[in-house]
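To keep things clear, I will list the structure first and then write my remarks on it.
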Amino acid sequence: MKDMVLLGDEAFALGTLHAGLSAGFGYPGTPSTEIMEYLIDNYERNRAKDAQTPVAQWCSNEKTALEAALGVSFAGRRAVVTMKHVGLNVAADPFMNAALCGIKGGLIIAVADDPSMHSSQGEQDSRFYADFAMVPCFEPTTQQEAYEMAFEAFDVSEKYHVPVIMRFVTRLSHSRAVIHADESKIRPQNKLEKADRKEWMLLPALARKNYERMIAKQDELVAYTTASKRNPLVLNPKRKDLAIVTGGLGRNYFLENLEDYKAFCEKKFPGFGIPSTLHIGTLPLPLDSLKKLADTAETILVIEEGQPFLEKQLRGVLPQNTKVVGKFTGLLPRAGELNPDLVRKALGLEPNKTALSETAGIADFCANLPGRPPQLCNGCPHMDSYTSLNNAVAALVEKAGKDNVTVNADIGCYALGGAAPLNAAESIVCMGASIGMARGASQAGVKYTFGVIGDSTFLHSGITNLVDCVATKTPVTVVLLDNTIVAMTGCQPTMLPSSQFEPLIKGLGVEPEHIRVLATNPANREANTKVLIEEAEYRGVSVVIMVRECLEAFRIRNKKAKK
Ligand code: SF4
């Protein structure tokens, strides 16, 4: 037995390695990034001495990552693919169809949700995707479970021939705890053995059969989750008023209040104990356990991290006379992360008096601290690029009016330029949307449209929008902010070096004289503004590549060079 202190993401990554992983793929996205970083570090350190070291690589986007993982599974070996919650939207096409393939080597899709949107543009809950595709979903609540569930998820994937979602949330992904790894249980990788082609040819006649087979598997999967130790049911027939269902980190917050809740129940219902409980750590819903729970209680309180997924499902499967309460009924908030205090309140307990709240003045002091929104680093290259762009936009607005100029931006560090003091963007929607929106605005009649996008985001999903602009000869100015790195998620490498962008864009059909490569720095601000205006005036597709290395990447590169 080996004990280690690991992040939730790292504990899971180690679990996949110990469970016989052959390959991992992903696209960086907070809070999932550390899973792949752990696997890549293992790959880089060990591949020279051991050719069997599991491959671990970043990909252009979540779709390509999942498709690579599907290829590994098809070859009979175990694969993991990692992404943040919104990344699953990008990978939704292969994901939904993977559910209909006869998964051969175990396939885990590790998705990290971000309730409270600490570093995201939405709060979506990946359990809905699992339900949509009818595939199992595991939800660890501790670092130890994250480690152990890697083994179980591969087993389920190979036994039932389905992909499995492993759902993380920020608090688990990014917190550390001791995990115990039983090294005697380390498994070898699967041997190479291709899947039956009939299981993977999703032509209509075969896909129809696969879909029916997927539906037929649901009873087996429910039987599995009902028997799973990850879904413990503790019945207390004495308490007929209430039962409690927990999901994800909701369980931890419930357990944190358990001693006080026991005392509260003893006072209110002497000798009756606390209500029956069911924790749901694996999906689909363990229906028998839920029915047993509903038989004991009139009301079920659902405490779950994320959107009210379980609450919604329970309303559909439980008898009409069973009342379900939680986020839909306002007992817990619909938006944002849960915490022990919110759960405490939902249980009917008095607010906890913490050391901090009792310390005179400190609580008031904290409550009155000004907000500290994220900002571009001092000296960030995007500062110079946006200053040039803002000056160009100001000149164009003066000439044509504000409704004739748009700046659509994208996801990355440069999104921070959308906020004060630069206020340089009018939209930030999703990966790659900047160029598509600029094209749409142009076709709607806006004279000057800019699509601002980073180097990695361009390769992720901006490139196809540029193809659309070229194919339709739409006047658009793409401003490609090349900081040579995927900065926002911790400086992962961009899939192509800076030198490749110009020939790539030329190959897509942009006229060579309208691909302008500029060094972005304070001395060039004015000259760069002129170029941006010139290209905006061009009635075709132009791409202005503004290049300078991210300061953080520069620091990391220097540190490595000194080693
Ligand atoms: S990490 Fe790099 S790209 Fe991001 S704000 Fe800082 S300097 Fe700019």
Side-chain angles (χ1 to χ4, degrees), residues 4-14 17 24-50 53-60 65 82-84 112 118-119 143 170 173-177 372-386 411-417 453-460 480-501 517-524 545-563:
M4 283 162 276
V5 178
L6 295 175
L7 293 175
D9 279 355
E10 294 169 340
F12 169 68
L14 181 68
L17 291 172
F25 303 98
Y27 185 80
T30 309
S32 71
T33 312
E34 290 81 358
I35 302 173
M36 276 306 296
E37 289 197 325
Y38 193 90
L39 296 177
I40 289 172
D41 179 59
N42 177 67
Y43 181 50
E44 298 297 336
R45 277 188 295 109
N46 298 317
R47 67 179 169 158
K49 47 188 182 223
D50 178 5
T53 304
V55 170
Q57 291 166 341
W58 291 119
C59 299
S60 292
T82 72
M83 59 196 74
K84 68 183 293 174
H118 295 287
S119 186
Q143 287 73 5
T170 312
S173 288
H174 284 176
S175 58
R176 287 179 203 278
R372 290 191 303 161
Q375 288 188 333
L376 294 171
C377 304
N378 270 336
C380 171
H382 299 327
M383 287 269 193
D384 296 313
S385 304
Y386 273 131
I411 311 289
C413 273
Y414 50 93
L416 302 173
I453 192 163
D455 45 344
S456 183
T457 317
F458 177 71
L459 296 174
H460 176 282
L480 205 166
L481 300 181
D482 181 3
N483 62 356
T484 77
I485 204 89
V486 191
M488 195 162 221
T489 47
C491 290
Q492 294 76 31
T494 305
M495 294 306 288
L496 292 177
S498 294
S499 58
Q500 294 287 306
F501 281 98
V517 183
L518 309 177
T520 185
N521 56 50
N524 289 356
I545 308 174
M546 305 185 86
V547 192
R548 196 172 95 224
E549 188 178 23
C550 153
L551 291 179
E552 192 60 16
F554 174 76
R555 193 184 60 76
I556 293 171
R557 192 164 54 80
N558 264 357
K559 204 169 153 192
K560 274 189 190 157
K562 279 182 192 153
K563 273 187 185 169

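The CD1 atom of Ile556 sits 4.0 Å away from atom SG of Cys491, with the distance rounded to the nearest 0.5 Å. With rounding to the nearest 0.5 angstrom, the OG atom of Ser173 is 9.5 Å from the CD atom of Gln143. Atom CD1 of Ile35 is separated from atom CG of Leu7 by 10.5 Å, given to the nearest 0.5 angstrom. Put simply, CG on Leu416 and CE on Met383 are 9.5 Å apart, with the number rounded to the nearest 0.5 Å.
Under the side-chain contact (heavy atoms from CB on, under 4.5 Å) criterion, Leu17 pairs with Leu21, Tyr38, Leu39, Asn42, Pro54, sequence neighbours left out. In this view, Thr489 and Pro28, Thr30, Thr33, Val486, Gln492 satisfy the side-chain contact (heavy atoms from CB on, under 4.5 Å) rule, not counting sequence neighbours. Partners of Tyr27 according to the ring-ring contact (aromatic ring centres under 6.0 Å, His included) rule, which considers only residues two or more places apart in sequence or in another chain, are His460. Residues meeting the side-chain contact (heavy atoms from CB on, under 4.5 Å) test with Thr484, sequence neighbours left out: Asp482, Ser498, Glu549. For Glu552, the salt bridge (charged side-chain N to carboxylate O under 4.0 Å, His left out) partners two or more places apart in sequence, or in a different chain, are Arg555. With sequence neighbours excluded, the residues forming a salt bridge (charged side-chain N to carboxylate O under 4.0 Å, His left out) with Glu10 are Arg176, listed by chain and number. Among residues two or more places apart in sequence or in another chain, the side-chain contact (heavy atoms from CB on, under 4.5 Å) test is passed with Ala519 by Asn521, Asn524. Under the ring-ring contact (aromatic ring centres under 6.0 Å, His included) criterion, Tyr414 pairs with His382, sequence neighbours left out. Scored by the side chain to side chain donor-acceptor pair (under 3.5 Å) test, Lys49 finds Asn46 as partners (sequence neighbours excluded). Residues forming a side chain to side chain donor-acceptor pair (under 3.5 Å) with Ser119 (at least two apart in sequence, or on another chain): none. Remark: Ser32 pairs with no residue by the side chain to side chain donor-acceptor pair (under 3.5 Å) rule, at least two apart or across chains.
Contact between Pro31 and Thr170 at its shortest, heavy atoms only, is CG-OG1, 3.6 Å. Here the closest heavy-atom approach between residue Cys59 and residue Ala65 is recorded as SG-CA, 3.6 Å.
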Inset, instruction - Just do the side chain to side chain contact (heavy atoms under 4.5 Å, CB included) check on Glu37 and Trp58 with the steps written out, would you? - result: CA-CA 9 Å; Glu37 289 197 325; Trp58 291 119; 3.9 Å; yes

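More than 12 heavy atoms of other shown residues, nucleotides or ligands fall within 6.0 angstrom of atom OH in Tyr43. Heavy atoms from other residues, nucleotides or ligands lying under 6.0 Å from CG of Asn378 number 12 at most.
Of the listed residues (Ser385, Cys380, Pro381), just one forms a side-chain contact (heavy atoms from CB on, under 4.5 Å) with Arg548, and that residue is Pro381.
Looking only at side-chain heavy atoms (C-beta outward), Phe501 and Thr494 come within less than 4.5 Å of each other.
Side-chain N or O atoms of Asp455 include one that pairs as donor or acceptor with a backbone N or O of Ile485 at under 3.5 Å. Side-chain atoms of Thr520 do not come within 3.5 Å of backbone N or O of Met546 as any donor-acceptor pair.
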